[in-house]
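Here the structure is laid out as structure tokens; the discussion comes afterwards.
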Amino acid sequence: LVGWWRAEVDGVNETGGQSALLQGTASYGSGEVGYAFQFGSSGSPAVKVAANSNLNVGLGAGFTIEAWIKPTTIGGEMTIVSKSAFSVIGNGAQLDTTYAFGIDSSGFLKFEAISTAAGAPYPGDVLKSTGTKVTTNAWSHVAVSIAGDKVRFFINGATMGSGTLDRKSTRLNSSHS
């Protein structure tokens, strides 16, 4: 377990890593158990966790992102968790690596992996779940699990599709944060 932010009216990481900071109109509200992060539709709400080497899990060994969510509406792209890194490497070239887990405008789970270097985009991957969509006004446990180039989606413990990442996206296996 790399990080666990329970949102019990604070941003403490239960694993001892970086704490989360509320930004914009993000706040705390009632959760499935205890409290939860709450995001309105205006004011750019977000919860930010500062870069830390313990969060550099990369794609090689695999990782899982999971969350309890309760969207009140679905109609636009919604991010659940994202990570991006921007750094200058060896010869001054810029490297940007990003992944995001969220909900697409139809209510399906989505995982996106993109990498750019020196301003030239590398092909990115957008994989989506199948079957059941995320429902509104009800708590759902959602997860995406990445193992090598394999991606699997889950809603309330049930598999909701899988896919394979394009090998060119393995640049995300960097240790930048």
Quick check: closest heavy atoms across S19 and V12, and the distance to 0.1 Å? OG-CA, 3.9 Å
Between P45 and F39, which heavy-atom pair has the shortest distance, and what is it? CB-CD2, 3.8 Å
Is V9 linked to W5 within one hydrophobic cluster, defined over Ile, Leu, Val, Met, Phe, Trp and Tyr using a side-chain heavy-atom separation of less than 4.5 Å? yes
When hydrophobic residues are tied together by side-chain contacts of less than 4.5 Å, even through go-betweens, does I103 share a cluster with V142? yes
Common cluster, I74/V81, ILVMFWY with side-chain heavy-atom separation under 4.5 Å: yes
The salt bridge (charged side-chain N to carboxylate O under 4.0 Å, His left out) partner of D104 among K128, K110, K133 is K128
To the closest 0.5 Å, what do you measure between CG (N156) and OG (S140)? 4.5 Å
What's the shortest heavy-atom distance between Q18 and A50, and which atoms? NE2-CB, 3.5 Å
Does V144 share a hydrophobic cluster with I155, counting links as ILVMFWY side-chain heavy atoms below 4.5 Å and allowing steps through other members? yes
From E66 CD over to S145 OG, what is the distance, rounded to the nearest 0.5 angstrom? 9.5 Å
Between atom CZ of R152 and atom CD1 of I146, what is the distance when rounded to the nearest 0.5 Å? 10.5 Å
Mind checking the CD1-CH2 spacing from I69 to W139? Nearest 0.5 Å is all I need. 9.0 Å
Heavy-atom closest contact (A36 atom, S30 atom, distance): CB-O, 4.1 Å
Can you see which heavy atom on M78 is nearest to which on P71, and at what distance? CE-CB, 3.8 Å
Search all heavy atoms of S105 against all heavy atoms of G75 and return the closest pair with its distance. CB-O, 3.7 Å
Output the distance between atom CD1 (I80) and atom CG (L109), rounded to the nearest 0.5 Å. 6.0 Å
Pairs touching residues 67-76 that satisfy side chain to side chain donor-acceptor pair (under 3.5 Å), sequence neighbours left out: none
Can you check whether W4's main-chain N or O pairs, donor with acceptor, with N13's side chain at less than 3.5 Å? yes
Test side chain to side chain contact (heavy atoms under 4.5 Å, CB included) on F111 and V126; report intermediate values, then the result. CA-CA 6 Å; F111 180 78; V126 177; over 6 Å; no
Reported CZ-to-CG distance for the pair F153 and L127, which is rounded to 0.5 angstrom: 5.5 Å
Quick one: do Y99 and F108 end up in the same hydrophobic cluster if we chain Ile, Leu, Val, Met, Phe, Trp and Tyr together by side-chain heavy atoms under 4.5 Å apart? no
Is E8 reaching over with its side chain to a backbone N or O of Y35, donor-acceptor style, under 3.5 angstrom? yes
